[in-house]
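Contents: one structure, followed by commentary.
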Amino acid sequence: MEHAEDMASLSEFDSLAGSIPATKVEITVSCRNLLDKDMFSKSDPLCVMYTQGMENKQWREFGRTEVIDNTLNPDFVRKFIVDYFFEEKQNLRFDLYDVDSKSPDLSKHDFLGQAFCTLGEIVGSSGSRLEKPLTIGAFSLNSRTGKPMPAVSNGGVPGKKCGTIILSAEELSNCRDVATMQFCANKLDKKDFFGKSDPFLVFYRSNEDGTFTICHKTEVMKNTLNPVWQTFSIPVRALCNGDYDRTIKVEVYDWDRDGSHDFIGEFTTSYRELARGQSQFNIYEVINPKKKMKKKKYVNSGTVTLLSFAVESECTFLDYIKGGTQINFTVAIDFTASNGNPSQSTSLHYMSPYQLNAYALALTAVGEIIQHYDSDKMFPALGFGAKLPPDGRVSHEFPLNGNQENPSCCGIDGILEAYHRSLRTVQLYGPTNFAPVVTHVARNAAAVQDGSQYSVLLIITDGVISDMAQTKEAIVNAAKLPMSIIIIGVGQAEFDAMVELDGDDIRISSRGKLAERDIVQFVPFRDYVDRTGNHVLSMARLARDVLAEIPDQLVSYMKAQGIRPRPPPGPPAGSPPQSPAATPPASPLHTHI
């Protein structure tokens, strides 16, 4: 979920069928007077937002902010963008943690407190700004498993107040423009006793009530009074919510390791002014009001200059689909012996005359949605981890339909038929190797990289992966291709390795090489069945959660390659239908959302 580095998006609410969101709302989080858990410095806070399902009332993680080092009063830059349903009670929970390591496992970090509210509470508050006390409850929930885990640590007392959370909401405009800009500064004030300054910029957009909301921070430039910051991109709606004359405030700071950054000065501008580009109008005096009041001869604390400005419309997943991009869907099913004998009811592969097994349910839930994005409805279906007739050789890449030349099946029903037939002919064996099927799909994806096709591999498995190193290498290599991987874990095994492959919090790497994109989404099937493991709670929710990252992953590939979507086809009357593709790159895009 690379797109999440800037914003956590996509609705996670269990809504009534046919319910349409009234609008999208951006939630900004700040905290004051958090607990100090670190011995020699302040806490390093992270905020995790959860939403509650309407039917099963389970809390599920929606997204996380960035970690801010060494502060008890964080103003988080990363926002939560949610669909707002006027007619629904949308329960939210915010958990604060002091992050002590790079582990994505929240139980390994100090719990700082939590607060509950509804989206309606935030939106309905004065100025759409809600303050609530943070308290340490008796328990929190593991973000991955949903199971209770201790939330009180280091002698915490349940119910104890431990700071304040400030939540503000703003309705997003429909503006799809993205602004890309670069700044430099000259002769900034020297703040460090033994050096110069380590300056960075903080951008704020103004609100209707006169307050300001943080929307971007630049990187820190070390030991210079004349920094040139890197080019950055930001949605126009985040910068000014589509109001070109809205005030944008920019503060200049000198970075300090202990978090007590020194204020150098500030200036204001607007989107309309910035859009003029590099000119005399976009050279700004940095003013420190306190110094200006004290010193009669004070002129400024330096200047900041806009070096470049460009804007372009953000392309969406639907833009590419409308332009003819086809989704190539491939299924890979685990036939290892750990699934149990298919003839016995305890097996995950058991074919009951009364209900589908977990493999068939997962395949059907995902396939019935994704099939609509593939025009020919012919889906390759592979198996791995079985001994094949007649010689009993073990294969980790065999066609379920028995056709080595063409493993494609007609529709989801065709895959299910080939799956059931394979269960009757192959011998479940092992080990659990993913790399061969990942490489198989990667070969096909590599053959067409003009944006006309995008491959999605669905792996359904029950076991602990055996070829982790090879799989990580295959995924890192596949990350530069038009391809995504979905993993659904069935059964009760520990899926720690799958979470690592997911790469939401820590991007996977192999042999020192980092994956260019996050292309893996993992979901445990057991989260969608009741406690008996029999009754399925929501296959629609499973499909939604599994497919949630595909749109952003597709768009991230297209942007990285500079591929723009083609306009929707409109062939002349009487002409044969065409299969339009995305437009090959004319020049690299500069937009990285």
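In this text, all values refer to a predicted model and were calculated from it rather than measured experimentally. Hydrogens, waters and symmetry mates are skipped; everything else that's a heavy atom, side chains included, is used.
Rounded to the nearest 0.5 Å, atoms OG1 (T51) and CG (L119) are 11.0 Å apart. In this structure, CD on E251 lies 4.0 Å from OH on Y204, to the nearest 0.5 angstrom. Note: I487 CD1 to L501 CG = 5.0 Å, rounded to the nearest 0.5 Å. Taken from CG in N186 to OG1 in T224, the straight-line distance is 9.0 Å, to the nearest 0.5 Å. Note: I287 CD1 to T303 OG1 = 10.5 Å, rounded to the nearest 0.5 Å. Going from atom OG of S43 over to atom CG of L96 covers 9.5 Å, rounded to the nearest 0.5 Å.
Here the closest heavy-atom approach between residue K132 and residue C117 is recorded as CD-CB, 3.8 Å. Contact detail for V286 and N300: the closest heavy-atom pair is O-CB, 3.5 Å. A pairwise comparison of heavy atoms in N288 and S301 identifies CB-OG, 3.9 Å as the closest pair. Smallest separation of non-hydrogen atoms from Q182 and V228: NE2-CG1, 3.7 Å. When all heavy atoms are compared, the tightest approach of D95 to R93 is OD2-NH2, 2.9 Å. When all heavy atoms are compared, the tightest approach of G113 to I136 is CA-CG1, 4.3 Å.
Partners of Y454 by ring-ring contact (aromatic ring centres under 6.0 Å, His included), not counting sequence neighbours: none found. Every ring-ring contact (aromatic ring centres under 6.0 Å, His included) that F263 has, sequence neighbours left out, goes to Y253. Taking F267 as the reference, Y284 meet the ring-ring contact (aromatic ring centres under 6.0 Å, His included) condition, with sequence neighbours excluded. Partners of A515 under the side chain to side chain contact (heavy atoms under 4.5 Å, CB included) rule, at least two apart in sequence or in another chain, are V476, A479, R507, I508. Applying the side chain to side chain contact (heavy atoms under 4.5 Å, CB included) rule to L46 yields the partners V48, R64, T65, V67, V99, L106; only residues at least two apart in sequence or on another chain are considered. Under the rule for a side chain to side chain donor-acceptor pair (under 3.5 Å), N477 has no partner lying at least two apart in sequence or in another chain. Not counting sequence neighbours, the partners of R272 by the side chain to side chain donor-acceptor pair (under 3.5 Å) test are D245. Judged as a side chain to side chain contact (heavy atoms under 4.5 Å, CB included), and not counting sequence neighbours, the contacts of T71 are P45, I68, N73, P74. Q278 pairs by the side chain to side chain donor-acceptor pair (under 3.5 Å) definition with nothing, not counting sequence neighbours. With sequence neighbours left out, the ring-ring contact (aromatic ring centres under 6.0 Å, His included) criterion links F212 to no other residue. Listed by chain and number, the residues in a side chain to side chain contact (heavy atoms under 4.5 Å, CB included) with A185 are L188, P227, W229, V304 (sequence neighbours excluded).
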Salt bridge (charged side-chain N to carboxylate O under 4.0 Å, His left out) evaluation trace for E131 with R32: CA-CA 10 Å; E131 290 192 27; R32 295 294 179 264; over 6 Å; no
Derivation and outcome, side-chain contact (heavy atoms from CB on, under 4.5 Å), residues S484 and Q521: CA-CA 8 Å; S484 291; Q521 169 78 337; over 6 Å; no
Test side-chain contact (heavy atoms from CB on, under 4.5 Å) applied to S455 and V441, step by step: CA-CA 7 Å; S455 297; V441 175; 3.9 Å; yes
Salt bridge (charged side-chain N to carboxylate O under 4.0 Å, His left out) evaluation trace for E26 with R237: CA-CA 10 Å; E26 179 189 81; R237 64 172 181 263; 5.9 Å; no
Residues I248, L274; criterion side-chain contact (heavy atoms from CB on, under 4.5 Å); working and verdict: CA-CA 10 Å; I248 298 168; L274 293 173; 4.2 Å; yes
Candidate pair Q90 and V25, rule side-chain contact (heavy atoms from CB on, under 4.5 Å), full reasoning: CA-CA 12 Å; Q90 295 172 266; V25 169; over 6 Å; no
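Remark: side-chain polar atoms of S556 are paired, donor with acceptor, to backbone N or O of Q553 under 3.5 angstrom. A distance-only check finds a donor-acceptor pair linking the side chain of T439 to the backbone of A435 [under 3.5 Å]. Distance alone, capped at 3.5 Å, places no donor-acceptor pair between the R517 side chain and the L554 backbone. Between the N70 side chain and the K42 main chain, a donor and an acceptor come within less than 3.5 Å of each other. Side-chain atoms of D100 never come within 3.5 Å of backbone atoms of H109 as a donor-acceptor pair (strictly under, hydrogens ignored). Between the side chain of T325 and the backbone N or O of G451 there is at least one donor-acceptor pair closer than 3.5 Å. In this structure a side-chain-to-backbone donor-acceptor pair under 3.5 Å is present from E219 to Q230. The backbone N or O of E121 sits less than 3.5 Å from a side-chain atom of T118, completing a donor-acceptor pair. Under a 3.5 Å cut-off, the side chain of D254 and the backbone N or O of D198 do form a donor-acceptor pair. Between the D502 side chain and the F522 main chain, a donor and an acceptor come within less than 3.5 Å of each other.
Annotation: side chain of L239 is not in contact with side chain of H216 (no heavy-atom distance under 4.5 Å). Counting heavy atoms from C-beta outward, L112 and L134 have side chains that stay 4.5 Å or more apart. Using a 4.5 Å cut-off on side-chain heavy atoms (C-beta onward), M49 and V82 make contact. Between P289 and E266, the closest side-chain pair of non-hydrogen atoms falls below 4.5 Å. Side-chain contact check for K79 versus I214: some heavy-atom pair is nearer than 4.5 Å. Using a 4.5 Å heavy-atom cutoff, the side chains of C315 and R564 are in contact. Taking 4.5 Å as the limit, some side-chain heavy atom of I234 sits within range of a side-chain heavy atom of C215. Side-chain contact between S509 and K472 is absent, with no heavy atoms from C-beta onward closer than 4.5 Å.
Identified under the salt bridge (charged side-chain N to carboxylate O under 4.0 Å, His left out) test for residues 280-291, with sequence neighbours left out: D189-K291.
Side-chain contact, S103 with D105: no donor N or O sits under 3.5 Å from an acceptor N or O.
Ring pair F203/F183 is tilted by interplanar angle, where 30° to 60° counts as tilted. Relative orientation of the W255 and H261 rings is parallel, given thresholds of 30° and 60° on the angle between their planes.
The six-membered or imidazole ring of Y320 lies away from that of Y557, with a centre-to-centre distance of 6.0 Å or more. The ring of Y271 has its center closer than 6.0 angstrom to the ring center of F309.
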